[in-house]
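Inspection log for the structure reproduced underneath, given as structure tokens.
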Amino acid sequence: MSSIFLLKGVDYSYYGKDIALKNISLEIYKSECFAILGANGSGKSTLLKILDGLYFPKKGSVVAFDEPLSEKAFNNEGFKEFFRKKVGFVFQDPDSQLFLPTVKDEIAFAPMQIGYSKDKIKSLVSEIAKELGIEGILDKYPFRLSEGEKKKVAIASVYTLNPDVWLLDEPIFSLDPKSQWWIVDFLKELKIKKKTIVVATHNLGFAKMIADRCCVLNDNHEIAAIGDIESVLKNKSLLEESNLIHQSGVIA
Amino acid sequence: MDFVEKTLREIAVAVEMSAYSSEFVERDGFLQSIEPRLKLSGLLGLIILVSFAEQIRLLIFYCFIPIIFSLLSKIELSFFLKRILVFIPIFALTLALPAIFNFVTPGDAILYLTKFKHTVFSLDGIYITKQGLHSALFLFLRITLSVAYSVLIVLTTKWTDIVYALRAFFVPWVVILILLMSYRYIFVFIRTVENFFIAKKSRSIKKSDALSGYEWTSNRIGILLKKSFDLSEGVYLSMQSKGYGKTSIITQKKPISVNDYMWLFSVFSVVALSVLANMDIL
């Protein structure tokens, strides 16, 4: 299996004092679905941002597509375009991700950055909207959308570039069951298309449904375990220590 | 009613106004069908025309134009007039009022308010002058008409289309992007502020005094600022993730229709009539 991301001894802290990640080493392979499991504040989102080249580690190394991920690498326009086309990031908060006034603008943003022609962008927007069932809200303002619709638009805004690698931060958080299942089905389709998926979540049921492998981040912001999803989820004491389950059970 | 309720009411009114205005944009009216750049240019042209009008009969003629366009654009006349006449012209009237008196605009007396026994600062009394009334009327009509045309733009055009249309006036793309994003986040922050007040109201038992109200408000302003910083960080990262770089060209062009030609014809006709009237041909 070829490697997409390779992290070795990665440390990250905010403002030089708030530690978010400590000594993270992991490898993510092509076409696998990898779950980053951890309680609130364990560093899942930070790790995703490092994988997307948005943050750069204070210590350690990150390699993506056999190229080191660094600020210097992103100063190269060629690499930047290659990487942004290859990797798409769906943020946890759609209000961060959807920063333009209408749904149509939002979906068109990434292809415009890449420099697609206007006709191509127009057809791409309507094609994606139709596929995701959001053609009726293209002219709507994001503040008038439900959380489920916002999430669909956030996914659509990434889908326009059809990336090979999908990074999703808590994709089913605060969604109703119908929207949650829509996300699950969407991710299963991505898996069929052999896309590489990295999901940060604390929902173990969801992770079990879609992930092949996972890692667990503990309260010390370190990797407590890494392996195939079945075996990691069987380790109840580890999950309890990492605040992913509670002795009283998990509220569904 | 304490400040919490007042603020809540104002927020609700602001959101409602915005929602109601966008309802007009969706209507199948004349101005709604005009290409935004042509509409903005035409209405700005009319505002400039109003500012240069030197004949009262012309200004009175111009008063009919926004009314006709509002009717053609399916905007209820009562709503349109209320929107124009409630605040800004009252403000304009207040500004123009001193100009009608002889101590600001000397001239021929129309109506004496008071007569002095002796002249004070070379005035024999306070009276309304013909010239003063004339200039006050000019100021009032010019402001009212400019407001009327601006309201027509706002009521019949999506805010995003107005911003895109600014490109026709060579406004840089980065400014347009900032304006578009500002519009997007105003509503996020309005909701946040609304939630602050609702949360306070839900736990308020006694009426709060002014001082504690100010303390609480300043604290919330700080929290809002912090939230806005966090959000801006998220937005920046999201833009980076979507490949934001040297270009951010967003265009939404509407094809030119028969209505657009009719619109241009109407604007040019008004301009031509004004020129002829100024040359005393009409």
Side-chain angles (χ1 to χ4, degrees), chain A residues 14 45-46 48-49 51-55 74-75 77 80-116 118 121-122 125 139-145 150 154 157-158 160-161 163 167 169, chain B residues 14-16 18-23 25-26 32 157-164 173 176-195 227-255:
Chain A
Y14 290 96
S45 302
T46 309
L48 280 184
K49 283 167 187 161
L51 294 178
D52 197 32
L54 297 171
Y55 291 167
F74 279 93
N75 288 337
E77 288 297 326
K80 186 178 169 185
E81 187 176 328
F82 162 80
F83 188 84
R84 294 294 171 220
K85 274 183 180 171
K86 281 272 185 192
V87 184
F89 189 172
V90 180
F91 285 66
Q92 181 182 350
D93 176 16
D95 280 331
S96 299
Q97 183 147 14
L98 309 178
F99 47 79
L100 287 169
T102 67
V103 170
K104 201 191 283 172
D105 295 328
E106 202 57 65
I107 301 174
F109 184 83
M112 275 170 180
Q113 302 307 306
I114 302 298
Y116 285 0
K118 284 173 193 169
I121 291 169
K122 210 175 161 187
V125 168
D139 289 316
K140 274 197 173 182
Y141 301 122
F143 65 85
R144 297 241 172 104
L145 303 180
K150 279 185 195 174
S157 73
V158 171
T160 44
L161 294 184
L167 308 175
D169 194 358
Chain B
V15 174
E16 204 178 303
S18 151
Y20 195 45
S21 298
S22 67
E23 191 195 311
V25 175
E26 306 297 330
Q32 288 88 336
T157 323
K158 272 187 183 177
W159 165 247
T160 48
D161 289 341
I162 295 175
V163 177
Y164 288 128
W173 275 115
I176 290 177
L177 190 65
I178 289 169
L179 286 171
L180 291 171
M181 288 171 72
S182 307
Y183 181 70
R184 162 78 179 94
Y185 287 106
I186 279 171
F187 290 95
V188 172
F189 290 125
I190 282 179
R191 286 276 169 252
T192 309
V193 171
E194 196 181 5
N195 288 336
K227 274 180 175 274
S228 70
F229 280 139
D230 292 345
L231 192 60
S232 70
E233 165 81 0
V235 170
Y236 174 71
L237 292 177
S238 166
M239 289 174 77
Q240 291 287 318
S241 178
K242 288 182 192 172
Y244 177 74
K246 52 181 185 273
T247 55
S248 66
I249 297 164
I250 306 161
T251 48
Q252 286 191 344
K253 282 182 186 166
K254 220 173 163 182

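For clarity, every value in this text was computed on a predicted model and none was experimentally measured. Convention: sequence-line order gives letters A, B, ...; per-chain numbering from 1.
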For [X], which atoms come within 4.5 Å of any heavy atom of chain B: side chain, backbone, both, or neither?
| X | value |
| --- | --- |
| A/D95 | both |
| A/K49 | side chain |
| A/L161 | neither |
| A/F74 | neither |
| A/F91 | side chain |

Please find the pair of heavy atoms, one from [X] and one from [Y], that lie closest to each other, and give the distance.
| X | Y | value |
| --- | --- | --- |
| A/L54 | B/S241 | CD2-N, 3.8 Å |
| B/E233 | A/Y55 | OE2-OH, 3.0 Å |
| A/Y141 | B/W159 | OH-N, 4.4 Å |

**OP:** Taking atom OH of B/Y236 as the centre, report whether more than 12 heavy atoms of other residues, nucleotides or ligands fall under 6.0 Å from it.
**Re:** no
**OP:** Can you establish whether the number of heavy atoms outside B/F229 located under 6.0 Å from its atom CZ is more than 12?
**Re:**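 No - once you tally the heavy atoms of other residues, nucleotides and ligands closer than 6.0 Å, there are 12 at most.
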Quick one: [atom1] on [X] to [atom2] on [Y], what's the gap to the nearest 0.5 Å?
| X | Y | atom1 | atom2 | result |
| --- | --- | --- | --- | --- |
| A/L100 | B/R184 | CG | CZ | 9.0 Å |
| A/T102 | B/D161 | OG1 | CG | 9.0 Å |
| B/Y244 | A/R84 | OH | CZ | 14.0 Å |

Original post:
Would B/K242 and A/E106 pass as an ion pair if we require N to O under 4.0 Å?
Top reply: yes
**OP:** List the steps and the verdict of side-chain contact (heavy atoms from CB on, under 4.5 Å) for A/D93 and B/L231.
**Re:** CA-CA 9 Å; A/D93 176 16; B/L231 192 60; 3.9 Å; yes
**OP:** Give a yes or no on whether the ring-centroid distance for A/F99 and B/Y185 is below 6.0 angstrom.
**Re:** no
**OP:** Taking the side chain as every heavy atom from C-beta outward, state whether A/D52 and B/L237 have any atom pair closer than 4.5 Å.
**Re:**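 No, every pair of side-chain atoms sits at 4.5 Å or beyond.
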Original post:
For B/V235, is it the side chain, the backbone, both, or neither that has a heavy atom closer than 4.5 Å to a heavy atom of chain A?
Top reply: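 Looking at B/V235, backbone and side chain both touch chain A.
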